[in-house]
Amino acid sequence: MLKRSKFETTQSQIMHRSEDLISAASNRYRITVQVANRAKRRRYEDFENNEDSMMKPVLRAIIEMSDEMTQPEIIGEL
């Protein structure tokens, strides 16, 4: 039985978002490390809050970072 995520993201959407992130970055390695670090941080936050996320941390990191890239207004100004 296929487990459905509560977030409606398809594999092709994740691929497009990943390609957008990589194409917008000046350094492919650096953006990959940034995604990995964010995913790691989200995983620890989920663990500390005893949340069972339906989405894998890497996928969530890709979506968040691509949203931040395309919608800079969602990032709060300091």
Open item on the list: By the salt bridge (charged side-chain N to carboxylate O under 4.0 Å, His left out) test, which pairs, at least two apart or in different chains, include something from residues 12-21?
Closed with: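 Those involving residues 12-21 are Arg17-Asp67.
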
Who are the side-chain contact (heavy atoms from CB on, under 4.5 Å) partners of [X], not counting sequence neighbours?
X	result
Asp46	Glu51, Ser53, Arg60
Val35	Leu21, Ala61, Ile62, Met65
Arg41	Arg38, Glu45

Task: Hphob cluster co-occupancy, Met15 + Ile63, side-chain heavy atoms under 4.5 angstrom - done: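 As far as the 4.5 Å side-chain criterion goes, Ile63 and Met15 are not connected within one cluster.
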
- [ ] Nearest 0.5 Å please: distance from the CG atom of Asn27 over to the CD1 atom of Ile22.
- [x]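 Separation between the atoms: 11.0 Å.
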
Task: Distance in Å, Gln11 CD paired with Ser18 OG, rounded so as to fall on 0.5 Å steps - done: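 Rounded to the nearest 0.5 Å, the CD-OG separation comes to 10.0 Å.
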
Task: Residue list, side-chain hydrogen bond (donor to acceptor under 3.5 Å, both in side chains) with Ser12, at least two apart or on another chain - done: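 Residues passing side-chain hydrogen bond (donor to acceptor under 3.5 Å, both in side chains) with Ser12: Thr10.
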
Task: Co-members of Tyr29 in a cluster of I, L, V, M, F, W and Y side chains, linked at under 4.5 Å - done: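 Direct or chained contacts put Tyr29 with Val33.
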
